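A quick write-up on the structure given underneath.
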Amino acid sequence: MSEQRQGAVKQITSHSNPIVKEIKGLVAQRKHRSQSGLFVAEGLKLATDALAAGWGVRYLAIGTEARDNPIAQKAAATAKARGALILEVSTAVMSAMTRKDNPQMVVGVYEQKILTAKDIEPAGTGPWVALDRVRDPGNLGTIIRTVDAVGGAGVMLVGDCTDPFAVEAVRATMGSLFHVPLAKVSKDAFKALAGKWPGTVAATHLKGSVDYRTPQYAEPVLLVMGNEQQGLEDDMAAACATLIRIPQAGQADSLNLAVATGIALYEIRRNQLEL
Ligand code: SAM
């Protein structure tokens with residue numbers, strides 16, 4: 001981390017400032033995120049969500065356009081009180097740190113939080129979703145957002161998954177990253193968890209013989225989803241009591257992973273969700 005006093009305010013107008021370089025490194029490379037345990041989330045909404053949910057914040061960069069915005073000012077005051085360094089950056093520096101198509105007024109750098117298998121205690125009613133080697137950050141972010149929407153308990157990342165703290169994944173969660181517990185588990189740890197899971201363990205599978213609308217799902221459900229290209233590995237499918245399938249018409253081989261997850265989750269939660 002750069003040598004800067006936390007809980008202070010710093011003006012930055014130069015692209016070559018070391019903190020700007022550090023933030024760009026966190027956006028660009030998983031290695032930097034893993035080594036530092038930090039990640040970047042763009043936008044005022046995500047800053048508000050992160051701060052309200054009590055996530056650790058290292059930097060909050062505020063662009064020129066946001067200086068007079070009361071919500072941004074409140075976010076900056078909260079972050080500063082929690083020890084973050086507040087960066088007042090020029091428009092040019094802000095656009096160098098965020099996406100070009102939709103420049104943001106606020107960029108935050110937060111501390112990663114991820115559970116391990118031993119932290120997972122299946123209880124309550126909300127489903128967990130286990131993802132086998134999910135590759136696409138947009139799919140992962142969308143699934144986290146959907147798990148949040150159905151009142152899910154969390155998302156397990158099984159095996160070699162895309163980084164949930166990549167800026168594209170974070171963006172796709174639309175803030176749900178800060179509300180849905182995430183866990184990283186090995187395949188063996190997943191099988192052990194599935195073996196003693198107290199509710200229904202249901203995997204979606206293109207060879208599933210059970211229509212996803214027919215099981216009596218016992219809470220808490222563990223919904224298991226396969227990889228985008230290869231589907232679910234055989235040994236993982238064997239660890240699941242029920243293989244469910246979503247019927248399809250037309251010529252598509254399969255549904256998009258995030259779409260299939262959403263369809264299954266809404267069926268699983270059919271009797272719990274009301275307008
Ligand atoms: N070629 C892959 C295969 O053979 O499984 C396609 C994978 S699909 C894009 C990604 C995941 O979404 C699947 O592993 C499964 O979990 C889920 N999925 C997609 N369409 C489905 C369907 N019609 N029924 C059940 N699961 C489905």
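Quick caveat, the model's predicted, so the values are computed rather than measured. Just so you know, ligand 1 is whichever comes first in the structure, and atom 1 is the first atom listed for that ligand.
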* Looking only at distances, please establish whether an N/O atom of ligand 1 is found under 3.5 Å from an N/O atom of L257. => no
* **Lys/Arg-Asp/Glu bridge criterion (N-O < 4.0 Å) met for E267, R270** => yes
* Is a salt bridge present between R245 and D211, judged by a nitrogen-to-oxygen distance below 4.0 Å? -> no
* **Part of V224 with heavy atoms under 4.0 Å of ligand 1, whether side chain, backbone, both or neither** => neither
* Asked: Would one find an N or O of A260, backbone or side chain, under 3.5 Å from an N or O of ligand 1?
  -> no
* Structure fact -> Within 4.0 Å of some non-hydrogen atom of G226, the atoms of ligand 1 are 10 (C), 11 (C), 14 (O), 16 (O)
* Asked: What closest approach, in Å, do L46 and A41 show between heavy atoms, and which atom pair accounts for it?
  -> CD2-CB, 3.9 Å
* Using a strict 4.0 Å cut-off to heavy atoms of G231, name the atoms of ligand 1 that fall inside it. => 2 (C), 3 (C), 5 (O), 14 (O)
* Asked: Looking only at protein heavy atoms, which one is nearest to atom 10 (C) of ligand 1, and how far off is it?
  -> N227 O, 3.6 Å
* Structure fact -> So the atoms of ligand 1 within less than 4.0 Å of a heavy atom of M225 turn out to be 16 (O), 17 (C)
* Gap between atom CD1 of I23 and atom NE2 of H32 - 0.5 Å precision -> 13.0 Å
* May I ask you to decide whether E233 forms a salt bridge with K187, counting only side-chain N to carboxylate O separations under 4.0 Å? => yes
* Atoms in ligand 1 flagged as close to R245, the criterion being non-hydrogen separation under 4.0 Å -> 24 (N), 25 (C)
* Please determine if L255 has a nitrogen or oxygen closer than 3.5 Å to a nitrogen or oxygen of ligand 1. => yes
* Does Q248, backbone or side chain, put an N or O under 3.5 Å from an N or O of ligand 1? -> yes
* To do: Could you list the atoms of ligand 1 found under 4.0 angstrom from a heavy atom of I246?
  => 22 (C), 23 (N), 24 (N), 25 (C)
* Pair Y110 and F165, ring centroids less than 6.0 Å apart -> no
* Among D132, D211, T204, D253, which residue places a heavy atom closest to atom 17 (C) of ligand 1? -> T204
* E228 versus R133, closest heavy-atom pair with distance -> OE1-O, 4.1 Å
* Of E233, Q229, H205, which has the heavy atom at the shortest distance from atom 25 (C) of ligand 1? -> H205
* Give the residue and atom name of whichever protein heavy atom lies nearest to atom 7 (C) of ligand 1, and the separation in Å to one decimal. => E228 O, 3.3 Å
* Test item: side-chain donor near acceptor, N17 and S14, under 3.5 Å -> no
* **Any donor-acceptor N or O pair under 3.5 Å, side chains Q272, T125** => no
* **ligand 1 atoms in contact with I244 (distance to a heavy atom under 4.0 Å)** => 25 (C)
* Asked: Is there side-chain contact between V57 and T78, with at least one heavy-atom pair below 4.5 Å?
  -> no
* Of the protein's non-hydrogen atoms, which lies at the shortest distance from atom 22 (C) of ligand 1, and what is that distance? -> L206 CD2, 3.4 Å
